There are 2 protein chains.
Amino acid sequence: MSTASKTRHKYEIVAAGIRATIADSLGPNDALPSERELMEIYNVSRMTVRAAIARLADEGLVYNVHGSGTYVGSPDLFAKAPKLTSFTEDMVSRGYAPSSRVLEVSRVAAVAAVATRLGLAPGGECTKIRRLRLADGNPMALETVFLPGEVLPMEEFDAKSSLYGQLTDRGYEIHRAEQEIHAVTLDEDASGLLAVPLGSAALEIDRVAVDRRGHPVEYARTIYRGDRYSFQMAVSRESGDK
Amino acid sequence: MSTASKTRHKYEIVAAGIRATIADSLGPNDALPSERELMEIYNVSRMTVRAAIARLADEGLVYNVHGSGTYVGSPDLFAKAPKLTSFTEDMVSRGYAPSSRVLEVSRVAAVAAVATRLGLAPGGECTKIRRLRLADGNPMALETVFLPGEVLPMEEFDAKSSLYGQLTDRGYEIHRAEQEIHAVTLDEDASGLLAVPLGSAALEIDRVAVDRRGHPVEYARTIYRGDRYSFQMAVSRESGDK
DNA sequence: AAGTGGTCTAGACCACCGC
DNA sequence: CGGTGGTCTAGACCACTTC
């Protein structure tokens with residue numbers, strides 16, 4: 001209730017209003033008022049209504065049926081659109097209390113695999129941060145992050161605050177990322193840190209994050225305990241050209 | 001070249017034109033003509049130009065910078081938007097020749113886990129299809145699909161043609177899905193079929209696919225060999241409410 | 001036939017970027 | 001400051017669904 005009043009744009013106001021209507025009085029697959037009705041309700045033009053609905057549809061909250069109407073989506077499919085989140089954000093959204101134990105902060109020369117992903121010359125300077133990530137105090141993941149030296153020199157890293165926040169403050173706002181998800185079995189080192197048996201299954205997520213202009217900002221390799229973590233996402237058919 | 005001429009809408013024509021321009025003469029991070037220039041080039045209104053650009057931006061082909069311009073995206077991030085694909089489509093896009101060996105087709109009563117996901121009453125009738133999926137003739141994945149009985153009775157299943165195609169033909173077009181990705185270790189049965197050692201790591205992808213109205217059409221559990229398969233996707237920040 | 005969402009026009013002003 | 005994308009209006013016609 002009484003959400004932030006930071007709604008600058010009209011379509012945000014309309015979207016918030018529709019959200020509230022759904023929460024108050026609509027269930028899955030119920031029809032929303034028609035776009036023309038919404039125009040009158042919110043006293044805006046149709047394009048503004050459509051911008052608001054498009055936003056909600058992106059989230060999976062509603063869906064359109066041409067010639068019929070706009071409907072409330074199924075609750076299972078809410079808010080699962082693949083989104084780029086930090087470990088902290090991810091854990092909070094899952095209902096865990098996140099914390100960290102820093103294992104290593106160092107300045108290293110990029111090996112080929114890292115240099116390629118970060119667009120650096122081989123041997124280029126980068127900052128390496130290795131952290132054990134905890135959820136509700138128990139090991140959840142083992143994360144190794146590489147950042148180009150100029151993005152965040154190791155001396156400037158503050159282990160106590162959000163890495164993404166620090167990057168944003170320094171003018172490197174992450175915009176999108178490419179991720180690759182593998183299944184791996186844990187070696188002695190990783191299984192010890194994650195407190196699971198040697199040979200346990202784990203999800204390894206490799207991520208190259210870039211800023212709005214496509215310049216690499218971060219290469220992160222995170223190994224999640226297979227028994228505690230699964231990756232969830234909603235996908236839709238046709239997002240491509242056809 | 002000389003793509004299909006089925007471009008009914010103006011924004012599709014504009015999008016195709018921009019695509020061609022990029023392919024012909026632009027590289028990553030080059031600027032597109034401004035929206036107002038594109039209006040004149042294609043003789044359309046600005047909203048139509050923006051609809052075309054929005055489509056291309058969805059695909060990751062271009063990105064906008066407020067106050068500056070629209071630019072060509074980095075090739076690494078092309079066409080990786082998480083998309084709902086069948087195994088066959090997925091393998092083809094990865095450059096493999098897909099094939100299948102049907103292990104089981106049967107009519108079963110839905111156990112609780114299946115009934116819940118498909119929105120059926122417990123014990124409701126459904127069709128179960130279990131297939132070994134091959135890529136270039138070698139085992140890649142083990143797939144178990146459950147379909148509500150009325151969606152596809154087991155007698156009607158044609159092992160030789162695409163399941164998704166059969167569903168579409170019967171009026172059950174899949175629109176979106178929720179997926180959950182786990183890391184697992186393979187038991188004796190699965191490791192034997194997939195031709196890898198017992199205890200190997202594998203990716204298990206559980207998927208509930210629904211039609212445009214949110215009705216479940218398919219529940220599929222697919223176990224991919226960890227040594228051959230990884231899941232790749234591009235994600236962007238902010239797709240949610242803020 | 002009536003109502004719905006989908007596309008489209010021809011304008012307008014605002015917010016942001018870079019010189 | 002001029003140019004860019006972002007939002008917005010007030011209309012219009014088309015394609016589709018529903019009765």
Side-chain angles (χ1 to χ4, degrees), chain A residues 6-18 26 29-58 61-73 168 171-173 175 211-215 236 238-239 242, chain B residues 6-18 26 29-58 61-73 171 173 175 211-215 236 238-239 242:
Chain A
K6 240 331 206 15
T7 45
R8 287 189 298 272
H9 300 300
K10 287 193 179 180
Y11 74 80
E12 290 175 353
I13 297 173
V14 175
I18 295 174
L26 294 177
N29 302 311
D30 284 353
L32 259 57
S34 76
E35 296 181 351
R36 287 157 181 93
E37 286 169 345
L38 291 168
M39 286 172 63
E40 297 193 355
I41 294 174
Y42 295 98
N43 206 354
V44 296
S45 75
R46 185 146 168 241
M47 205 206 105
T48 304
V49 168
R50 285 181 63 75
I53 290 177
R55 209 180 174 78
L56 299 176
D58 263 3
L61 222 208
V62 304
Y63 61 92
N64 304 100
V65 180
H66 189 178
S68 174
T70 301
Y71 302 86
V72 179
T168 300
Y172 295 97
E173 185 151 26
H175 176 237
D211 65 17
R212 188 161 270 276
R213 293 190 148 71
H215 300 132
S236 66
E238 320 134 10
S239 79
K242 178 3 314 15
Chain B
K6 240 330 207 13
T7 44
R8 287 191 298 271
H9 300 300
K10 287 194 179 180
Y11 75 80
E12 290 175 354
I13 298 173
V14 175
I18 295 174
L26 293 177
N29 302 309
D30 285 351
L32 259 58
S34 76
E35 295 181 353
R36 287 159 181 90
E37 286 170 343
L38 290 168
M39 285 173 63
E40 297 193 356
I41 294 173
Y42 294 100
N43 207 352
V44 297
S45 76
R46 183 147 169 241
M47 205 207 105
T48 304
V49 169
R50 285 180 63 76
I53 290 177
R55 207 180 176 78
L56 299 177
D58 263 3
L61 222 208
V62 305
Y63 61 92
N64 303 103
V65 180
H66 189 177
S68 173
T70 302
Y71 302 86
V72 179
E173 185 151 26
H175 177 235
D211 65 17
R212 186 162 271 276
R213 293 188 147 74
H215 299 132
S236 67
E238 319 135 10
S239 77
K242 201 250 75 32

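All values derive from a computational prediction rather than experimental measurement.
- In this structure, A:Y11 places its OH atom 13 Å from C1' of D:dG5, rounding to the nearest Å.
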Under 3.5 Å, which N/O atoms of the protein pair with N/O atoms of nucleotides 13-16 of chain C?
{"from": "C:dA15", "atom 1": "N3", "to": "B:H66", "atom 2": "NE2", "distance (Å)": "3.1"}

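- Across the protein-nucleic acid pair, A:E35 atom CD and D:dC16 atom P stand 16 Å apart, rounded to whole Å.
- The nearest whole Å value for the distance from the CD atom in A:E37 to the C1' atom in C:dG5 is 13 Å.
- Considering every non-hydrogen atom in both A:Y63 and A:N29, the closest pair reads OH-OD1, 2.8 Å.
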Next on the checklist: Run the side-chain contact (heavy atoms from CB on, under 4.5 Å) test on A:Y42 and A:V49 for me, step by step, so that the C-alpha distance in whole Å, both residues' side-chain angles and the decisive distance to 0.1 Å come before the verdict.
Outcome noted: CA-CA 9 Å; A:Y42 295 98; A:V49 168; 5.7 Å; no

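- A straight line from NZ of B:K10 to P of D:dA12 spans 17 Å, rounded to a whole angstrom.
- Across the protein-nucleic acid pair, A:Y71 atom OH and C:dG3 atom P stand 15 Å apart, rounded to whole Å.
- The minimum heavy-atom distance between A:A51 and A:Y11, with the atom names listed, is CB-CB, 3.9 Å.
- Mapping B:M47 and B:P33 onto DNA chain D by nearest heavy atom places B:P33 at the nucleotide closer to the 5' end.
- The two residues A:K10 and A:T48 come nearest to each other via the heavy atoms CB-CG2, 3.9 Å.
- Listed here is the closest heavy atom pair of B:N64 and B:A57: OD1-CB, 4.3 Å.
- In this structure, A:T48 reaches the D:dT9 phosphate: one of its side-chain N or O atoms is under 4.0 Å from OP1 or OP2.
- For the pair A:E12 CD and D:dG6 P, the interatomic distance rounds to 14 Å; values are reported in whole Å.
- The distance from atom CZ of B:R50 to atom C1' of C:dG11 is 15 Å, rounded to the nearest whole Å.
- Taking for each of B:N43 and A:L32 the nucleotide of DNA chain C with the nearest heavy atom, the 5'-most of the two is the partner of A:L32.
- Distance B:I53 CD1 to C:dC8 P: 14 Å, rounded to the nearest Å.
- The minimum heavy-atom distance linking B:A15 with B:A52 is given by the pair N-CB, 3.7 Å.
- In plain terms, the two heavy atoms of B:I53 and B:E35 that are nearest each other are CD1-CG, 3.9 Å.
- Taking only side-chain nitrogens and oxygens, B:S34 comes nearer than 4.0 Å to OP1 or OP2 of D:dT4.
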